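Data block below; observations after.
Not measured: the values here are computed from a predicted model.
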Amino acid sequence: MTKKWIAVLTALFLMFTTIGAVSAAPLFKDVGDGHGSKAELDFLAERGIIFANPQENFGVKEEITRLEASAMIIRALGLETVNRPDPNFIDITPEVEGYDIIATIADKGIVNGNANGEFMPYKKLTRGEMAAILVKAFKLKGTSKHFFKDVPATYWASESIKTLFANEVTRGYPNNTYRPTAFITKVNFGTFLARILNPEFKKIPVCYADGKKTTVVNVQVTNVWKSPNKNRIVDRPSISNPTDMQKWAKSMSISQKQWLVGKTDTQALYGQEVVILKSSGNWHQIAVKDQYKPGNKAGYQGWVPKSHVTERTIDYTNCRIAIVDTNIATLYNEPKMKNKYMDISYTTILPVIKEEGGWLHVQTPANGVKYLRKVDAKVVKNFATIPKPTQKDIVDSAKMFLGLPYVWSGISGFGFDCSGLIHSVYKNHGIMIPRDSFVQAVKGTPVARSKMQPGDLLFFAYNKGKGKVYHVGMYIGNNKMIHAPNSSRNVEIVSINAQPYKANYAGSRRYLK
């Protein structure tokens, strides 16, 4: 090996220093023990394909260059870099750093130049180019009938991408894209290389697959309006995309909140499935599938801005789900307590793609995988497997919202109405009950007032309890209930013997079994 080659290695890979065996110590400053690709990079370091340096960054977010990728492949294949013929690239001379690498990789026919005869050593490598190079370098065989929706059959690297898929080197992204023209990062290139060299690193089969077209909510919360285009200036944070429901709820005066009565009926949460019934201008009339209302077989109906919903064709049925069980949780763009993506509400449900340390990798409706702290959610196989709650579980969940302002039609941690609070708490614990209080009052199991237990629902009606039900609260024991009273008050605990509740009591129902 020439002195120049040694100098090149030093210049190009200052981040790498040789280690003889896998260590519990960090490989690099940015690749600690908790990093998702630590095992793969450990393997590469043990094989001498990369060189660790705990004092330097590996550059996990940096895209790899053609020269850097070539060097890793040469090391992986154990190729000699001396006495190689001149590659005859117009941008490469023997004095260029990395000349020996380029001459070797070109001599083996693994990485070629462009039509102008340039090697472009510092050009970033795309995912399509990566597929072609790895298939050629390691003589991978096989194909697949799987089609990524962004890789047409006519794409020049289509067959190489299918071969990588067939060899379980890549599964693409959760939305069934491969992103062939996107640049590949150093850590991803290293991970794919490790999977080729060691079958133990082959990607675990994913929980998602192609499915039928569905429509889901694509904002943190959307108001479901009785009619389109009936909102006010103060409502703009709630009809924009992204929404800011916290700002909207806090910015309204009492009279502005009271105006919502009869204008909105309910809300739907991020990722919640809806059915589009018809459209008008920039609005869709939808039905919220899991909000039962008599006479509406498809679900609770109303109007939302078109920008608040999105279509997807991926089936996440076999993925575990994360159910937010704190008032408000934050999604992040990376598994760190910074680079915030969006706040989401209590009882928001998202598919879990992966668990890593204290983080959940969750699939968003249209923006790929984001990161949710495990402490902010519970993870279950599916909705049907949510553990049966105790009376205390139900009551404690409702108490989390003490002091939260009332919002008419609210069904989120940004603001509840009376039946929205009850519906959300029970749904969070795997029990689906009707959305509205007057319907909740005729479902479940009737229970005498004197026999009520914590978690039971109390209903109140006009005409001293004999008219239409207008309110619901949750019994918490000791003749007290928790409820979301009205637009001028917050979620609170009161005596069930206080007026007007004592006079307007209309019955109790039990949904806990």
Side-chain angles (χ1 to χ4, degrees), residues 215-272 274 276-288 291 293 299-311 324 327-331 340-348 364-367 401 403-421 423-424 435-436 470 484-492:
T215 303
V216 296
V217 175
N218 193 35
V219 291
Q220 56 185 189
V221 182
T222 185
N223 285 323
V224 179
W225 299 79
K226 275 189 175 295
S227 303
N229 295 310
K230 298 297 183 181
N231 43 76
R232 309 154 294 173
I233 293 177
V234 73
D235 299 318
R236 286 179 180 173
S238 74
I239 61 172
S240 59
N241 187 347
T243 56
D244 189 341
M245 301 304 286
Q246 191 168 40
K247 178 180 179 180
W248 175 70
K250 288 185 175 181
S251 65
M252 287 186 290
S253 65
I254 293 175
S255 61
Q256 287 172 327
K257 287 184 178 181
Q258 291 172 335
W259 178 90
L260 292 169
V261 177
K263 309 296 194 307
T264 59
D265 274 340
T266 189
Q267 294 176 332
L269 304 181
Y270 191 50
Q272 195 163 7
V274 301
I276 296 176
L277 304 176
K278 62 182 179 180
S279 301
S280 176
N282 293 323
W283 292 74
H284 285 312
Q285 186 186 38
I286 64 163
V288 186
Q291 292 186 23
K293 186 175 182 181
Y300 217 113
Q301 297 181 10
W303 293 85
V304 300
K306 285 183 176 179
S307 65
H308 282 199
V309 298
T310 187
E311 291 183 342
V324 175
N327 301 42
I328 301 296
T330 299
L331 291 179
K340 175 179 172 179
Y341 174 64
M342 182 172 67
D343 287 332
I344 55 177
S345 167
Y346 177 76
T347 305
T348 296
T364 63
N367 294 96
F401 300 101
L404 183 72
Y406 176 100
V407 174
W408 172 264
S409 79
I411 200 165
S412 80
F414 299 104
F416 287 111
D417 66 9
C418 64
S419 57
L421 171 64
H423 175 87
S424 296
R435 167 62 178 91
D436 290 327
Y470 68 88
N486 56 55
S487 296
S488 64
R489 289 154 66 186
N490 302 331
V491 176
E492 63 182 6

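Residue Leu404 holds its CG atom at 10.0 Å from CZ of Phe414, rounded to the nearest 0.5 Å. In this structure, OG in Ser412 is found 10.0 Å from CD in Gln246, a value given to the nearest 0.5 Å. Here the CD atom belonging to Gln285 is positioned 15.5 Å from the CH2 atom belonging to Trp225, to the nearest 0.5 angstrom. Note that NZ of Lys278 is 9.0 Å distant from CD of Gln301, once rounded to the nearest 0.5 Å. Taking CD from Gln272 and OG1 from Thr222, the interatomic distance works out to 10.5 Å, rounded to the nearest 0.5 Å.
Using a distance-only test at 3.5 Å, with no hydrogens or angles considered, a donor-acceptor pair links the side chain of Ser253 to the main chain of Gln256. The backbone N or O of Val324 sits nowhere less than 3.5 Å from a side-chain atom of Thr348 that would complete a donor-acceptor pair.
Asn282 meets the side chain to side chain donor-acceptor pair (under 3.5 Å) test with no other residue; sequence neighbours excluded. When the side chain to side chain donor-acceptor pair (under 3.5 Å) test is applied to Ser279, the partners found at least two apart in sequence or on another chain are His284. Take Tyr346 and apply the ring-ring contact (aromatic ring centres under 6.0 Å, His included) test, not counting sequence neighbours, and it matches Phe401. For Tyr470, the ring-ring contact (aromatic ring centres under 6.0 Å, His included) test picks out Tyr462, with sequence neighbours left out. Listed by chain and residue number, Val216, Asn218, Pro365, Ala366 satisfy the side chain to side chain contact (heavy atoms under 4.5 Å, CB included) test with Thr310 (two or more places apart in sequence, or in another chain). Residues that satisfy the salt bridge (Lys or Arg N to Asp or Glu O under 4.0 Å) test with Lys263, not counting sequence neighbours, are absent from this structure. In this structure Asp343 satisfies the salt bridge (Lys or Arg N to Asp or Glu O under 4.0 Å) test together with Lys340, sequence neighbours excluded. Annotation: side chain to side chain contact (heavy atoms under 4.5 Å, CB included) contacts of Ala249 (sequence neighbours excluded): Val407. Partners of Thr264 by side chain to side chain donor-acceptor pair (under 3.5 Å), not counting sequence neighbours, listed by chain and number: Ser409. Ser488 is linked by a side chain to side chain contact (heavy atoms under 4.5 Å, CB included) to Ile254, Asn486, counting only residues two or more places apart in sequence or in another chain.
Val491 has its side chain within reach of Leu421: a pair of non-hydrogen atoms, C-beta onward, lies under 4.5 Å apart. Counting only heavy atoms from C-beta outward, the side chains of Ile239 and Asn223 never approach each other to under 4.5 Å. When side chains are defined from C-beta on, Val219 does not count as touching Met245, because their heavy atoms never get closer than 4.5 Å. The side-chain heavy atoms of Ile411 and Gln291, taken from C-beta on, include a pair separated by under 4.5 Å. With contacts defined as side-chain heavy-atom distances shorter than 4.5 Å, the pair Val221/Leu269 qualifies.
Nearest heavy-atom pair, Trp248 versus Ser251, reported as atom, atom and distance to 0.1 Å: O-OG, 3.0 Å. Of all non-hydrogen atoms in Lys226 and Gly262, the two that sit nearest each other are CD-O, 2.8 Å. Nearest approach of Pro237 to Ser240, heavy atoms of both residues: O-OG, 3.4 Å. For the residue pair Thr364 and Tyr270, the shortest heavy atom distance occurs at CB-OH, 3.1 Å. Taking both residues in full, the closest heavy atoms of Trp283 and Pro228 are given as CG-CB, 3.5 Å, listed atom of the first, atom of the second, then distance. Between Ser238 and His308, the shortest heavy-atom contact is O-CE1, 3.1 Å.
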Kindly determine whether Trp303 and Val224 satisfy side chain to side chain contact (heavy atoms under 4.5 Å, CB included), including the steps that lead there.
-> CA-CA 5 Å; Trp303 293 85; Val224 179; over 6 Å; no
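Pairs of residues two or more places apart, or lying in two chains, that qualify as salt bridge (charged side-chain N to carboxylate O under 4.0 Å, His left out) and include a residue from residues 229-242 are Arg232-Asp235. Among residue pairs with one or both ends in residues 238-250, none qualify as salt bridge (charged side-chain N to carboxylate O under 4.0 Å, His left out); sequence neighbours excluded.
Salt bridge annotation for Asp417-Arg435: present, with a cationic side-chain nitrogen under 4.0 angstrom from a carboxylate oxygen.
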